[in-house]
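To start, the structure itself, in structure tokens.
Computed over heavy atoms, backbone and side chain alike; hydrogens, waters and symmetry mates excluded. For the single chain, residues carry numbers from 1 onward in sequence order.
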Amino acid sequence: MCLCCLLINLRFFYAGNVISFGLFLSPAPTFYKIIKNKAVEEFKPDPYIATVLNCAFWVFYGMPFIHPHSILVVTINGIGLVFEFVYLTIFFTYATNKGRKKLLICLLIEAIFFAAIVLITMLAVHGKHRSLMIGVICDFFNIMMYVSPLTIMFKVIKTKSVKYMPFWLSLTNFLNGACWTTYALIHPFDLFVLISNSVGVVSGFVQLILYACYCCRENNDDGDDDGAVQKKTTGVPVSESPRDVEA
């Protein structure tokens, strides 16, 4: 690889890590709202549950005995793992009993699955096959992380409101996918990174389009409602005349 390509790769790699950090930080306003209202309301934990498993597998992938020289992959996903556990702790604190039960069941299933994959990889898979196997799994769960907001998108369409669709999460999903897709297309070509992150680009773009459509509709509806309220509060009924009021 020429020096120029190497420098471009490094730039996109570091940019990808910066945007990934922004992706992990983006739900902060949502959870601030949850803490402020002391209720999760209609917010969904699905994206954060999916991201926990995604980050856990990328941390495992970056271990020296799986894929050497991947310290940045380990650090950024390790940081992401901490962020996601903080978010889920907040969600668990303010969720209903039903929501808590669902969250614990999902995390338990994830923990069992992750432990099983680690054991199989360490005991039955050797050499470069480890990197290939975990790389495929990471790709799958990266896609799951990107498409997990679909449950929120269905709710937006059903309620015709973006109240429970975090804008910054959608934006950083799109930017993160775009950055890593570009990185994957630059020599050397990386098919695994390309597949999952191109899905992220499409998913993030659809979310932003949906947000734009229903955000504009909400603003228009609010304006109409305000006008109706103003008309209702300021208008004088036909049956009443100033003389009637005065009497």
Exercise for review: First locate atom CG of Asp139, then atom CD1 of Ile134, and finally report the distance between them rounded to the nearest 0.5 Å.
Suggested key: 12.5 Å

Practice item. Check the hydrophobic clustering (I, L, V, M, F, W, Y; side-chain heavy atoms under 4.5 Å; chains of links allowed) and say if Phe114 and Ile109 are grouped together. Key: no

Practice item. Measure across Ser170 and Gln207 and return the closest heavy-atom pair with its distance rounded to 0.1 Å. Key: OG-OE1, 2.9 Å

**Study point:** Step-by-step side chain to side chain contact (heavy atoms under 4.5 Å, CB included) determination, Val202 to Tyr146
**Key:** CA-CA 9 Å; Val202 175; Tyr146 281 128; over 6 Å; no

Check your understanding: Can you find a side-chain donor-acceptor pair between Tyr94 and Asn37 that sits under 3.5 Å?
Key -> no

Check your understanding: Tell me, do Phe31 and Ile34 make a side-chain contact under 4.5 Å, heavy atoms counted?
Key -> yes

Exercise for review: List the steps and the verdict of side chain to side chain contact (heavy atoms under 4.5 Å, CB included) for Lys101 and Asn97.
Suggested key: CA-CA 6 Å; Lys101 185 178 179 180; Asn97 290 333; over 6 Å; no

Study note, to complete from the structure: Contacts of Phe91 meeting ring-ring contact (aromatic ring centres under 6.0 Å, His included) (sequence neighbours excluded), chain-then-number -> none

Practice item. Please round to the nearest 0.5 Å and tell me the distance separating atom CG of Asn54 and atom CD1 of Ile49. Key: 13.5 Å

Review point. Could you state the interatomic distance from CZ (Phe57) to CD1 (Ile66), rounded to the nearest 0.5 Å?
Key: 11.0 Å

Check your understanding: With sequence neighbours left out, what residues match Thr172 under side-chain contact (heavy atoms from CB on, under 4.5 Å)?
Key -> Leu23, Ser26

Practice item. Step by step, work out the side chain to side chain contact (heavy atoms under 4.5 Å, CB included) result for Arg130 and Phe65. Key: CA-CA 8 Å; Arg130 284 181 175 178; Phe65 46 82; 4.0 Å; yes

Check your understanding: Does one side chain, of Thr181 or Asn197, offer a donor that lies under 3.5 Å from an acceptor on the other?
Key -> no

Practice item. Applying ring-ring contact (aromatic ring centres under 6.0 Å, His included) between His67 and each of Phe60, Trp58, Tyr61, report the one that passes. Key: Tyr61

Point to revise | Phe141/Phe113 aromatic ring centres below 6.0 Å | key: yes

**Study point:** Heavy-atom check, side chain of Cys213 versus side chain of Ile209, under 4.5 Å
**Key:** yes

**Study point:** Least distance between heavy atoms, Ile195 atom then Ser198 atom
**Key:** O-OG, 2.8 Å

Check your understanding: Less than 4.5 Å apart, any side-chain heavy atom of Leu108 and any of Ile112?
Key -> yes

Point to revise | Thr93 versus Arg100, closest heavy-atom pair with distance | key: O-NH2, 2.8 Å

Review point. To the nearest 0.5 Å, what is the distance between CG (Leu81) and SG (Cys55)?
Key: 6.0 Å

**Study point:** CZ (Phe154) with more than 12 external heavy atoms under 6.0 Å
**Key:** no

Practice item. For side chain to side chain contact (heavy atoms under 4.5 Å, CB included), just list the numbers for Tyr214 and Thr159, CA-CA rounded to whole Å, side-chain angles, deciding distance to a tenth of an Å, and then say yes or no. Key: CA-CA 10 Å; Tyr214 285 100; Thr159 62; over 6 Å; no

Revision key, fill the gap. CG of Leu25 to CD1 of Ile79, rounded to nearest 0.5 Å, is 11.0 Å

Check your understanding: Rounded to the nearest 0.5 Å, what separation is found between the NZ atom of Lys102 and the CD1 atom of Ile105?
Key -> 10.0 Å

Revision key, fill the gap. Between Ser196 and Ile143 the two heavy atoms that sit nearest each other are CA-CG1, 3.6 Å

Review point. Is the distance between the ring centroids of Tyr48 and Phe43 less than 6.0 Å?
Key: no

Review point. Quick one: do Val162 and Tyr32 end up in the same hydrophobic cluster if we chain Ile, Leu, Val, Met, Phe, Trp and Tyr together by side-chain heavy atoms under 4.5 Å apart?
Key: no

Review point. Does the side chain of Lys33 reach to within under 4.5 Å of the side chain of Thr30, using non-hydrogen atoms?
Key: no

Check your understanding: Does some side-chain heavy atom of Met63 sit less than 4.5 Å from a side-chain heavy atom of Val59?
Key -> yes

Review point. Can you check whether Tyr87 reaches Pro27 side chain to side chain, under 4.5 Å on heavy atoms?
Key: yes

**Study point:** Atom CE of Met144: over 12 foreign heavy atoms under 6.0 Å
**Key:** no

Check your understanding: Backbone N or O of Phe85 within a donor-acceptor pair of the Thr89 side chain at under 3.5 Å?
Key -> yes

Check your understanding: Taking the side chain as C-beta and beyond, is there a heavy-atom pair between Phe24 and Glu84 under 4.5 Å?
Key -> yes

